[in-house]
2 protein chains.
Amino acid sequence: MQVSARGECAVRIALTLATDHPRTISAGALASAQGLPGKFAEVILGDLRRAHLVASARGVEGGYRLARGPERISVGEVLRAVDGPLSEVRGRRPEETSYEGAAVNLPRLWVAARAAVRSVLDEVSLEQAATGEFPVRVAELTAQEGAWFPRLGCAAGTRDLKSTYPIE
Amino acid sequence: MQVSARGECAVRIALTLATDHPRTISAGALASAQGLPGKFAEVILGDLRRAHLVASARGVEGGYRLARGPERISVGEVLRAVDGPLSEVRGRRPEETSYEGAAVNLPRLWVAARAAVRSVLDEVSLEQAATGEFPVRVAELTAQEGAWFPRLGCAAGTRDLKSTYPIE
DNA sequence: CTTGAATCCTACTTGATCGATAGGATATGC
DNA sequence: GCATATCCTATCGATCAAGTAGGATTCAAG
C-alpha cells in the first residue's frame, strides 16, 4: 500500500474540511492550515471536485467544502480520487491477473490483499479519522504488538550488500 | 498496495522454485516456465539471493533454489526483497509520519492499513500460495461478495472529466 | 462597474523510477 | 579447455511524480 504525496495531502485537506464542515474554505487557507504549497493544494482540490467529493464556489467568499457529510466519505474514496485504484498488480486490477503453472492461485492472493486494504481505508470515514474514533476492527489492528515497527529480514537498505550467498 | 512487475515476477519465480523444492533450477528454466524475459529473471533472482531467500550455484548444473523450505518463506518477504517496504506514505514508513491539526490521528490509520496488508502477505507461505490452501482468515477475504469487483465511485478513467461541480 | 479575491485551466520543468536489455567477467563440472 | 551458468556494470527509453508558473474566468462588495 503506497500512498503518494498527492494522496497524503488530499487526506489532510479532506480532514481539515471535515472538522469545519460545512463551512466554505479557500485553497490558500486549507494549504496553510496543513503547511502545504498553495498551488499543489489547488491541483488536488481540483481532483477532489471532479470526483464529486468536494463542491466549490468561485469569487470572493469562494472556496471548497465537502460534497457530503464527513461521516459519509471514506478515506479510501479520497485516495482513489487522486491516486487511482488502491491496489494494482503490474498496473492491472487484482481480479484481472491470470497465471499458469505454479502461480495459478496468485489472483486469489492479490484479491485477498486488496480486500484487506479496503477493510481499513473504506471502513474509516473522514469523521472517524478526524476524531480518532476508529471502528473496532481497525483499532484492533493498531493495538497489535508489532504493528508500529518495521518488519526486518530484508530491509530496503540491505539490498545493495556486496556479499553473495552461494549454495552450501 | 501496488505490486510492481518486479514484485509479480519475483513471486511467480519463487512459487516455481517452491513447487520443485529443493531442486536446483537455472534462471533460464525459471523464466521460460513462467514466460518471463530471461535477463529480467536474472536481475530478480539476484535480489532474492541478496535477501537470503534463495541460494545459488554457478557453473554447469548450477542454478537457484529456496534458501528455506517453502512453508517457511512468506509472500511478503519475497515482495520486500525486490520492491522494498510493503507500505509507505510519501516514501516514509507509516509510523514515521506526523501531522498537526485535523490530521493528528492519521499515523494510526496508516499503521492500521499496513497491518492489514501484512495480515495477508506475511501470513501466506509460498507453499500455501502454490497449493491454494490459504489460511482461514485469508480465504474468508476472497469469499466476500464484492472482493472480486473494482470499487467504483471515482474510477481512474473518470478523473479527466471536463465537467465541474460548483456549490449548489 | 471596477477591484480584488478566489477558482480554474494549460503547460512546463525537473528528477526519479520502472521495465527492461546488452555485453562481458567469473566460476564450475566434465 | 569448453560449455553452461551465475554475476556485475552500464545503458536506454518511457513514464510518472512533485511541484511551479502564468493567466483566464468568476463573483461579491464597494
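Naming: A, B, ... by sequence-line order, numbering from 1 per chain.
Of all non-hydrogen atoms in A:Pro22 and A:Arg65, the two that sit nearest each other are O-CD, 3.2 Å.
Atom CG of A:Leu36 and atom C1' of D:dA17 are 16 Å apart (whole Å). Across the protein-nucleic acid pair, A:Arg92 atom CZ and C:dC18 atom P stand 17 Å apart, rounded to whole Å. To the nearest angstrom, P of D:dC16 lies 13 Å from CZ of A:Arg6. What separates CD of B:Gln2 from P of C:dT17 is a distance of 16 Å, to the nearest Å. Computed from coordinates, the A:Arg49 CZ to C:dT7 P distance equals 11 Å when rounded to whole Å. Nucleotide C:dC8 holds its P atom 13 Å from the CG atom of A:Leu30, rounded to whole Å. Straight-line distance from the CZ atom of A:Arg90 to the P atom of D:dC16: 15 Å, rounded to whole Å. Rounded to whole Å, atom C1' of C:dA20 lies 14 Å from atom CG of B:Asp47.
For A:Ala27 and B:Cys9, each mapped to the nucleotide of DNA chain C holding its nearest heavy atom, the one lying further toward the 5' end belongs to A:Ala27. Between A:Gly7 and B:Leu45, the residue anchored closer to the 5' end of DNA chain D is B:Leu45, taking for each the nucleotide with the nearest heavy atom.
Side chain of B:Arg12 to main chain of B:Gln34: a donor-acceptor pair is present (N/O by atom type, distance under 3.5 Å, no hydrogens or angles). Between the side chain of B:Asp47 and the backbone N or O of B:Ala81 there is no donor-acceptor pair closer than 3.5 Å.
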In 5'-to-3' order, the base (B), backbone-only (S) or no-contact (-) status of each nucleotide in nucleotides 20-30 of chain D, using a 4.0 angstrom heavy-atom cut-off, is S-BB-BBB---

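From A:Arg92, atom CZ reaches atom OG of A:Ser87 across 15.5 Å, with rounding to the nearest 0.5 Å.
Which of D:dG19, C:dA6, D:dA5 sits closest to the side chain of A:Ser26 comes down to C:dA6.
A salt bridge links B:Arg80 to B:Asp122: at least one charged side-chain nitrogen sits closer than 4.0 Å to a carboxylate oxygen. A:Glu127 and A:Arg72 are not joined by a salt bridge, as no carboxylate oxygen comes within less than 4.0 angstrom of a charged side-chain nitrogen. B:Glu77 has no carboxylate O lying under 4.0 Å from a charged side-chain N of A:Arg151, or vice versa, which leaves the two without a salt bridge.
Proximity of A:Arg50 to the phosphate of C:dC9: a side-chain N or O atom is located under 4.0 Å from OP1 or OP2. Taking side-chain N and O atoms only, B:Ser56 has no distance below 4.0 Å to OP1 or OP2 of D:dA5.
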